[in-house]
Amino acid sequence: MSEERPDPDAGTSLIPPHERALARPGFPVGRVARLLGLDPADAEVILHDEERMHQAITEAGRAFLEADDDRRAGRMPRSAIAMDPEFPTGTGMALLGAAALWEQREDVPRIALRVAKDLYENREDDLAASFLGLVQESVDPGGDEASAWAAQSLLMQVMQRSGDPAKADEIARDLAAHSIPLDLWRDDDPTLPDDSMAWHGGAFVGGIPPRRDERHLSYEDVHDYLDQLLTGMRREQEAEEDGSAGEDGSAGRPSDG
């Protein structure tokens with residue numbers, strides 16, 4: 001009879017998502033610190049301080065939205081976050097990853113909507129649909145319903161282009177029934193008409209898992225999804241750094257012969 005081995009994951013559900021992420025080898029501390037404008041000398045300490053991280057994520061999220069407003073209006077962004085090499089789309093994704101890990105949801109719908117719009121404009125429809133799902137599931141009852149409805153209107157466009165006209169027509173009729181403009185997604189800061197109706201919950205589409213019940217997908221599932229995105233971004237960053245190091249090394253070697 002074999003011995004039962006302890007489950008290494010037992011009890012991890014009680015550990016906050018950011019602490020689990022920080023415990024992993026190779027967590028991109030420098031990338032997150034630059035993204036949030038943290039002093040590199042204090043970053044390790046601040047990353048473990050929930051209150052300070054909530055404040056930093058909120059400030060960085062609002063700076064991102066301000067810079068993106070400038071970009072979309074044809075102005076030179078005034079915020080330093082626009083200097084991030086991944087701005088705007090990759091920067092927005094990274095902010096959403098941080099917001100999920102540190103459970104700071106306040107600006108998630110607006111940032112995720114901007115990311116989804118960029119992805120749609122780049123014809124990355126599957127990924128756009130996933131972020132539209134994140135917009136909708138991040139809106140609490142009575143919260144940012146304008147962003148949720150804007151996501152639904154953009155989802156209609158995604159369905160039309162991705163070859164599902166029946167689903168697009170279903171969404172269009174749903175929007176009309178709730179007095180929501182079909183092109184609401186085009187507004188950078190969408191607002192709802194006075195006669196519009198309340199947000200009804202929407203649905204996940206694309207890469208994020210389906211609902212577990214009829215009303216709500218747990219925010220932990222969004223954590224997991226964005227954690228995957230953050231891990232992928234970290235691997236890409238490491239690959240780029242390795243490539244740069246290789247080029248620097250070859251440049252410094254004397255030629256043979």
Practice item. Could you check V135 against V108 for side-chain contact (heavy atoms from CB on, under 4.5 Å), going step by step and ending with a plain yes or no? Key: CA-CA 7 Å; V135 174; V108 165; over 6 Å; no
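- The backbone N or O of F64 lies less than 3.5 Å from no partner atom in the side chain of D68, so there is not a single donor-acceptor pair.
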Exercise for review: Report the C-alpha distance between R62 and E106 in whole Å, list the side-chain angles of each, state the deciding distance to 0.1 Å, and finish with yes or no for salt bridge (Lys or Arg N to Asp or Glu O under 4.0 Å).
Suggested key: CA-CA 10 Å; R62 292 178 182 175; E106 186 175 354; 2.3 Å; yes
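- Checking side-chain atoms of D144 against main-chain N and O of S147 turns up a donor-acceptor pair under 3.5 Å.
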Review point. Please walk me through it: do M53 and I46 pass side-chain contact (heavy atoms from CB on, under 4.5 Å)?
Key: CA-CA 7 Å; M53 281 298 292; I46 296 173; 4.0 Å; yes
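- Looking at R173 and D169, a side-chain N of the basic residue comes within less than 4.0 Å of a carboxylate O on the acidic one, giving a salt bridge.
- Within a 6.0 Å radius of CZ in R75, more than 12 heavy atoms belonging to other residues, nucleotides or ligands are found.
- D125 CG to Q157 CD: the interatomic distance, rounded to the nearest 0.5 Å, is 10.5 Å.
- Between the side chains of D84 and T91, at least one donor-acceptor pair of N or O atoms lies under 3.5 Å.
- Without hydrogens or angle criteria, D69 side chain to D188 main chain gives no donor-acceptor distance under 3.5 Å.
- A 6.0 Å sphere centred on CD of E51 holds no more than 12 heavy atoms belonging to other residues, nucleotides or ligands.
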Exercise for review: With salt bridge (Lys or Arg N to Asp or Glu O under 4.0 Å) as the test, would you mind laying out the steps for R110 and D189 before giving the verdict?
Suggested key: CA-CA 8 Å; R110 295 176 66 200; D189 289 303; 2.9 Å; yes
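- M159 CE to L154 CG: the interatomic distance, rounded to the nearest 0.5 Å, is 10.0 Å.
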Check your understanding: Would K117 and D187 satisfy salt bridge (Lys or Arg N to Asp or Glu O under 4.0 Å), going step by step from the backbone distance to the final call?
Key -> CA-CA 10 Å; K117 288 168 69 169; D187 296 343; over 6 Å; no
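- Atoms NE2 and NE2, from H48 and H18 in turn, are 7.5 Å apart once rounded to the nearest 0.5 Å.
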**Study point:** side-chain hydrogen bond (donor to acceptor under 3.5 Å, both in side chains) between E59 and Q55, intermediate numbers included
**Key:** CA-CA 6 Å; E59 290 175 356; Q55 180 180 352; 3.1 Å; yes
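- By the 6.0 Å contact criterion, CD on E44 is open, its count of non-hydrogen atoms from other residues, nucleotides or ligands being 12 or less.
- One hydrophobic cluster, built from ILVMFWY side chains closer than 4.5 Å, cannot hold both M83 and L95; they sit in different ones.
- Hydrophobic clustering (ILVMFWY, side-chain heavy atoms < 4.5 Å, transitive): M93 and V29 are in one cluster.
- Nearest heavy-atom pair across I81 and L35 is CD1-O, 3.9 Å.
- In terms of modelled atom types and a separation under 3.5 Å, the side chain of H54 and the main chain of W102 share a donor-acceptor contact.
- Judged purely by atom type and a 3.5 angstrom limit, S153 uses its side chain to pair as donor or acceptor with the backbone of W185.
- M197 and L155 fall into different hydrophobic clusters, where Ile, Leu, Val, Met, Phe, Trp and Tyr residues are linked whenever their side-chain heavy atoms come under 4.5 Å apart, directly or through other members.
- Atom NE2 of residue H178 and atom CG of residue L192 lie 11.5 Å apart, to the nearest 0.5 angstrom.
- Rounded to the nearest 0.5 Å, atoms OG1 (T89) and CD (E124) are 8.0 Å apart.
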